[in-house]
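In what follows, every chain begins at residue 1, and chains take the letters A, B, ... in the order their sequences are listed. Reckoned from all heavy atoms, side chains included, excluding hydrogens, waters and symmetry mates. Since the structure is predicted, the reported quantities are computational estimates derived from the model, not experimental observations.
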Protein chains: 2
Amino acid sequence: MSENRVLVPFKENGHAHQRCMESALTVAEQTCRARGVRLTNIRRRVLELVWRSHEPVKAYDILARLQDEHSGSAPPTVYRALDFLQTEGMVHKIESLNAYVGCGDPNHMHIGQFLICRDCGAVAEMDDDDVRILLAEKAGNLGFQIDREVIEIKGLCAVCATEKR
Amino acid sequence: MSENRVLVPFKENGHAHQRCMESALTVAEQTCRARGVRLTNIRRRVLELVWRSHEPVKAYDILARLQDEHSGSAPPTVYRALDFLQTEGMVHKIESLNAYVGCGDPNHMHIGQFLICRDCGAVAEMDDDDVRILLAEKAGNLGFQIDREVIEIKGLCAVCATEKR
DNA sequence: AATGATATGTTATAATGTAACAATTTACAG
DNA sequence: CTGTAAATTGTTACATTATAACATATCATT
């Protein structure tokens with residue numbers, strides 16, 4: 001079994017989220033600079049708000065916070081920033097929740113596989129080649145060529161499973 | 001390779017959709033009778049409209065057709081019927097499209113894996129145990145117990161790939 | 001026919017997302 | 001440093017998707 005890459009883990013004991021978030025922001029800044037694209041104030045702020053927790057964040061929740069800070073914010077403000085961040089691989093949309101999560105690895109372009117806890121709402125991101133390979137093979141049996149996968153798995157994370165006992 | 005079950009195939013040569021749809025309706029009626037739930041006129045009609053093609057159908061498109069036939073139809077009419085049909089396993093929602101497709105196998109409760117052609121828009125449904133097992137294993141490595149999977153794969157189907165040449 | 005459960009009708013509104021065009025800011029060529 | 005084009009943001013309006021809440025009707029059973 002080759003890969004079990006975990007890009008964004010579930011919150012473990014002693015998870016220092018402040019640091020986790022700062023690191024994501026730093027990587028984002030470096031990546032944008034390297035690519036010659038602009039992480040403007042709005043985009044940066046939206047990325048921060050997405051990273052406030054490991055739960056998926058809704059566009060209109062982001063908007064509400066932006067409006068607290070700057071009344072000129074409107075839906076397009078948020079959706080444009082989210083579009084940019086998704087294009088640059090810094091944010092993923094969770095389609096089944098209409099919500100957005102920060103990506104742990106913007107440098108390596110990919111679309112991950114998400115594990116979503118039904119209890120705490122946290123999301124972990126995997127990027128597993130075995131899964132990708134198997135799906136490509138199964139789809140290939142039907143003559144189907146894969147462009148892009150949406151894989152969103154609902155269930156119970158280890159922390160919540162423990163607490164249930 | 002144990003399973004490569006295809007519940008709803010892509011439209012192949014000579015696909016007689018009229019028959020395909022009638023068969024789905026018949027199965028639905030039998031299933032409902034067996035379960036003691038009611039496939040009312042509205043629900044039956046919504047199921048027919050979902051099965052009009054192999055492309056995912058939008059709730060408000062269904063609504064528009066219902067309103068042609070009966071002016072008393074409103075969003076809840078459609079969403080209630082869709083809820084019922086999803087609960088009974090006769091319809092699946094494609095989360096990434098906000099649209100609905102008929103299920104080829106309502107008797108065996110499951111949530112399939114969908115292949116969505118970017119060209120013709122058609123959707124095929126697989127229900128593959130190998131995929132399910134691998135995902136369960138990978139998630140299990142993180143201590144995650146799976147309840148439900150959303151797997152929606154975008155790409156090019158065999159028919160459209162052939163036509164491209 | 002009376003009753004309770006299920007289903008539908010109806011109105012209103014919430015939640016999510018985009019179009020279109022104006023104003024501003026930025027990068028950078030001259 | 002200034003003019004200009006490109007990129008970004010502001011602004012208004014609207015489109016799309018979905019649900020809440022309560023009234024009415026229909027169904028299954030006594």
Side-chain angles (χ1 to χ4, degrees), chain A residues 28-29 32-50 55-88 90-101 121 150 152, chain B residues 28-29 32-50 55-88 90-101 121 150 152:
Chain A
E29 257 159 21
C32 284
R33 206 173 311 127
R35 288 181 191 162
V37 298
R38 289 168 54 205
L39 189 64
T40 60
N41 286 338
I42 290 176
R43 290 167 178 174
R44 186 180 211 292
R45 187 70 186 115
V46 169
L47 184 56
E48 274 174 20
L49 291 171
V50 167
E55 278 114 82
V57 179
K58 303 234 145 202
Y60 274 73
D61 290 346
I62 295 172
L63 177 56
R65 291 191 173 268
L66 284 187
Q67 284 175 328
D68 288 346
E69 298 162 6
H70 172 59
S71 67
S73 303
T77 314
V78 175
Y79 284 105
R80 284 166 183 158
L82 288 172
D83 280 352
F84 171 85
L85 294 168
Q86 285 176 268
T87 299
E88 297 302 329
M90 286 152 195
V91 158
H92 295 296
K93 180 174 186 182
I94 306 295
E95 299 284 353
S96 60
L97 299 175
N98 296 321
Y100 303 82
V101 293
V150 174
E152 299 173 3
Chain B
E29 258 159 20
C32 284
R33 206 172 312 128
R35 289 181 191 162
V37 298
R38 290 167 53 203
L39 189 64
T40 61
N41 285 339
I42 290 176
R43 291 166 178 175
R44 186 182 211 290
R45 187 69 186 118
V46 169
L47 184 56
E48 274 175 21
L49 292 170
V50 168
E55 279 115 80
V57 179
K58 304 234 144 202
Y60 274 73
D61 291 345
I62 295 172
L63 177 56
R65 291 190 173 269
L66 284 187
Q67 284 175 328
D68 289 345
E69 298 162 6
H70 172 61
S71 68
S73 303
T77 313
V78 174
Y79 284 104
R80 284 168 184 158
L82 287 172
D83 281 352
F84 171 85
L85 294 169
Q86 285 176 269
T87 299
E88 297 301 327
M90 287 152 194
V91 158
H92 295 295
K93 180 174 185 182
I94 306 295
E95 299 285 353
S96 61
L97 298 175
N98 296 321
Y100 303 82
V101 292
V150 174
E152 297 172 3

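- Under 3.5 Å, the side chain of A/Arg80 and the base of C/dG17 form no donor-acceptor pair of N or O atoms.
- In this structure, the nucleotide among C/dT8, D/dT11, D/dA18 sitting nearest to the side chain of A/Ala74 is D/dT11.
- Atom CG of A/Asn41 has 12 or fewer neighbouring heavy atoms from other residues, nucleotides or ligands inside a 6.0 Å radius.
- Between A/Arg38 and A/Asn98, the residue anchored closer to the 5' end of DNA chain D is A/Arg38, taking for each the nucleotide with the nearest heavy atom.
- Between A/Pro56 and A/Val101, the closest heavy-atom pair is CA-CG1, 3.6 Å.
- Here the P atom of nucleotide D/dT8 and the CG atom of A/Leu85 are 12 Å apart, to the nearest Å.
- Checked by distance alone, B/Tyr79 brings no side-chain donor or acceptor within 3.5 Å of a matching partner on the base of D/dA20.
- Here the C1' atom of nucleotide D/dT17 and the CD1 atom of B/Ile94 are 16 Å apart, to the nearest Å.
- Across D/dT11, D/dG10, C/dG9, the shortest atom-to-atom separation from the side chain of A/Ile42 is found for D/dG10.
- Following rounding to the nearest Å, B/Leu63 (CG) and C/dG9 (P) show an atom-to-atom distance of 12 Å.
- Rounded to a whole Å, the CG atom of A/Leu39 is 11 Å from the P atom of D/dT8.
- The side chain of A/Thr40 places an N or O atom within less than 4.0 Å of a non-bridging phosphate oxygen (OP1 or OP2) of D/dT9.
- A/Phe84 comes within 4.0 angstrom of nothing in the nucleic acid, heavy atoms only.
- For the side chain to side chain contact (heavy atoms under 4.5 Å, CB included) criterion with B/Tyr100, the lone passing option out of B/Leu85, B/Leu47, B/Val78, B/Val91 is B/Val91.
- Atoms CZ (A/Arg45) and P (D/dT9) sit 15 Å apart, rounded to a whole Å.
- The distance from atom CZ of B/Arg35 to atom OG1 of B/Thr87, rounded to the nearest 0.5 Å, is 10.0 Å.
- The separation between A/Asp61 atom CG and C/dG17 atom C1' is 15 Å, rounded to whole Å.
- In this structure, B/Glu95 atom CD and C/dA15 atom P are separated by 18 Å, rounded to whole Å.
- Annotation: of the two residues near DNA chain D, A/Tyr60 and A/Thr77, the 5′-most nearest-nucleotide partner is A/Thr77.
- Positionally, the nearest nucleotide of DNA chain C for B/His70 lies more toward the 5' end than for the other of B/His70 and A/Pro76.
- Protein atom CZ of B/Arg43 is 11 Å distant from nucleotide atom P of C/dT6, rounded to whole Å.
- At least one side-chain nitrogen or oxygen of A/Lys58 sits closer than 4.0 Å to the OP1 or OP2 atom of C/dT16.
- Taking 4.0 Å as the cut-off between side-chain N and carboxylate O, A/Glu69 and A/Arg45 count as a salt-bridged pair.
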